[in-house]
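Report on the structure given below.
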Amino acid sequence: MTSSFRLGYVPGATPAKWARIWAEREPDVPLELVNVAVAEAAGLVRNGDVDAALLRLPTDRTGLHAIPLYTETTVVIVPKDHVIAAVDEVSTEDLADQVVLHPLDDTLDWEQLPGQPAHERPASTADAVELVAAGIGVLVVPQSLARLHHRRDLTYRPVTDAPESRVVLSWLEDETTDLMEQFIGIVRGRTVNSTRGRQQPQPKRAAEPRKSTARKASGGNRRRTPSKGKPRRRS
């Protein structure tokens with residue numbers, strides 16, 4: 001049975017490019033992409049249900065490695081006819097008079113949520129987007145989630161001073177397998193022929209030709225052996 005590599009990813013994360021490279025480099029090992037909930041992602045890695053996962057910080061990283069991949073812009077989702085849609089960007093202070101929805105799966109590390117609180121917290125980001133479309137409030141999320149939940153009647157604008165979402169690649173601290181090393185190399189942009197940090201043996205140098213010790217007969221410094229004369233006869 002062919003082994004596989006299971007990669008979990010939270011909503012909004014986009015592993016498709018890395019999956020294509022994996023298929024080129026490991027054609028005999030399928031890469032299984034598993035969409036996981038934000039609250040469950042780290043636990044699935046610890047339990048061995050996935051080999052690695054694309055997570056959003058902050059999260060409980062106990063027993064896990066985490067390689068930072070990228071940081072996302074934070075945006076506010078509003079109806080297209082909202083006053084915020086008329087500007088290029090806003091600050092949290094600009095949201096002071098807005099009802100800001102705070103879904104239970106929010107991953108932004110707020111010290112204090114901006115704006116006015118809603119009566120209830122939506123169960124998920126998807127539910128909160130529906131409430132924005134209904135005109136009940138606005139929603140502050142990582143940009144990838146705004147794209148994921150795109151609707152024609154909604155738009156979004158950057159929030160300049162809001163917390164940012166960091167996406168990391170995470171796996172068990174004591175289980176860095178060869179396949180895990182391969183995937184780490186892919187997300188870090190290593191080429192097929194890279195050493196992946198391991199020392200490669202140095203190529204042997206070709207033996208240099210031995211220099212001849214013979215001197216040319218015409219050399220001026222060559223010592224000549226004196227010739228022996230003919231033996232003299234005794235008289």
Side-chain angles (χ1 to χ4, degrees), residues 6-23 31-45 49-50 52-60 66-82 84-85 87-90 92 95 98-110 113-115 118 120-170 183 186-187:
R6 289 172 60 81
L7 177 68
Y9 65 100
V10 296
T14 53
K17 178 181 73 172
W18 299 322
R20 288 194 296 270
I21 298 173
W22 177 278
L31 178 66
E32 297 183 32
L33 299 179
V34 184
N35 198 340
V36 299
V38 171
E40 300 174 357
L44 292 174
V45 178
D49 295 312
V50 293
L54 303 180
L55 310 177
R56 276 201 176 84
L57 298 183
T59 191
D60 181 8
I67 294 178
L69 299 179
Y70 55 89
T71 300
E72 291 194 66
T73 299
T74 302
V75 301
V76 59
I77 302 177
V78 298
K80 280 192 171 180
D81 58 357
H82 196 281
I84 288 177
V87 299
D88 293 332
E89 60 185 25
V90 297
T92 53
L95 304 177
Q98 304 293 325
V99 173
V100 178
L101 302 166
H102 191 205
L104 294 176
D105 61 357
D106 181 26
T107 59
L108 295 174
D109 192 17
W110 295 103
L113 193 71
E120 295 182 3
R121 293 186 66 180
S124 67
T125 297
D127 292 336
V129 171
E130 294 295 328
L131 294 176
V132 174
I136 295 175
V138 301
L139 176 64
V140 181
V141 294
Q143 183 170 310
S144 66
L145 290 180
R147 291 172 175 168
L148 178 66
H149 298 288
H150 170 73
R151 291 175 50 124
R152 292 183 179 179
D153 54 347
L154 301 180
T155 188
Y156 58 85
R157 295 292 183 268
V159 184
T160 56
D161 57 346
E164 295 177 318
S165 174
R166 290 178 295 156
V167 177
V168 300
L169 172 64
S170 189
F183 194 76
I186 289 172
V187 300

> How many angstroms lie between CD in Glu130 and CG in Leu101, if you round to the nearest 0.5 Å?
Replying inline: 12.0 Å
> Out of curiosity, Thr73 OG1 to Glu164 CD, how far, rounded to the nearest 0.5 Å?
Replying inline: 6.5 Å
>> Let me confirm one number: the CG-CD1 distance from Asp81 to Ile84, rounded to the nearest 0.5 Å.
In response: 12.0 Å
> What are the two closest heavy atoms between Glu32 and Arg6, and how far apart are they?
Replying inline: OE1-NH1, 2.8 Å
> Could you give the distance from CG (Asp88) to OG1 (Thr160), rounded to the nearest 0.5 Å?
Replying inline: 12.0 Å
> Is atom CZ of Arg157 surrounded by more than 12 heavy atoms (other residues, nucleotides or ligands) closer than 6.0 Å?
Replying inline: yes
> Tell me, do Val10 and Val36 make a side-chain contact under 4.5 Å, heavy atoms counted?
Replying inline: yes
> Between Thr125 and Asp105, is any side-chain donor less than 3.5 angstrom from a side-chain acceptor?
Replying inline: yes
> What are the two closest non-hydrogen atoms of Ala146 and Tyr156, and how far apart are they?
Replying inline: CB-CD2, 3.6 Å
> What's the shortest heavy-atom distance between Ala133 and Asp153, and which atoms?
Replying inline: CB-OD2, 3.9 Å
>> Apply side-chain contact (heavy atoms from CB on, under 4.5 Å) to residues Val132 and Leu154 and explain how you reach the verdict.
In response: CA-CA 8 Å; Val132 174; Leu154 301 180; 3.8 Å; yes
>> Any non-hydrogen side-chain atom of Val140 less than 4.5 Å from a side-chain atom of Leu95?
In response: yes
> When you look at Trp18 and Leu169, which way does the side-chain contact (heavy atoms from CB on, under 4.5 Å) test go after all the steps?
Replying inline: CA-CA 12 Å; Trp18 299 322; Leu169 172 64; over 6 Å; no
>> Are Pro142 and Leu108 packed together at the side-chain level, in the sense that at least one heavy-atom pair is separated by less than 4.5 angstrom?
In response: yes
> Hey, what do you get for CZ (Arg152) to NZ (Lys80), rounding to the nearest 0.5 Å?
Replying inline: 8.5 Å
> Minimum heavy-atom separation for Thr155 to Ala85, with atom names?
Replying inline: CG2-CB, 3.9 Å
> What are the two closest heavy atoms between Leu54 and Pro15, and how far apart are they?
Replying inline: CD1-CB, 3.9 Å
>> Between Asn35 and Leu33, is there a side-chain heavy-atom distance shorter than 4.5 Å?
In response: no
> Just checking, is any N or O donor in the side chain of Arg56 or Ser144 under 3.5 Å from an acceptor N or O on the other one?
Replying inline: yes
>> Nearest 0.5 angstrom please: Thr74 OG1 to Asp161 CG, how far?
In response: 10.0 Å
> Are Trp22 and Leu7 side-chain neighbours, meaning at least one heavy-atom pair lies under 4.5 Å?
Replying inline: no
>> I'd like to check Leu139 versus Leu131 (side-chain heavy atoms, cut-off strictly below 4.5 Å). Are they in contact?
In response: no
>> On a heavy-atom basis, which atom in Val45 and which in Ala52 lie closest, and how many Å separate them?
In response: CG2-C, 4.2 Å
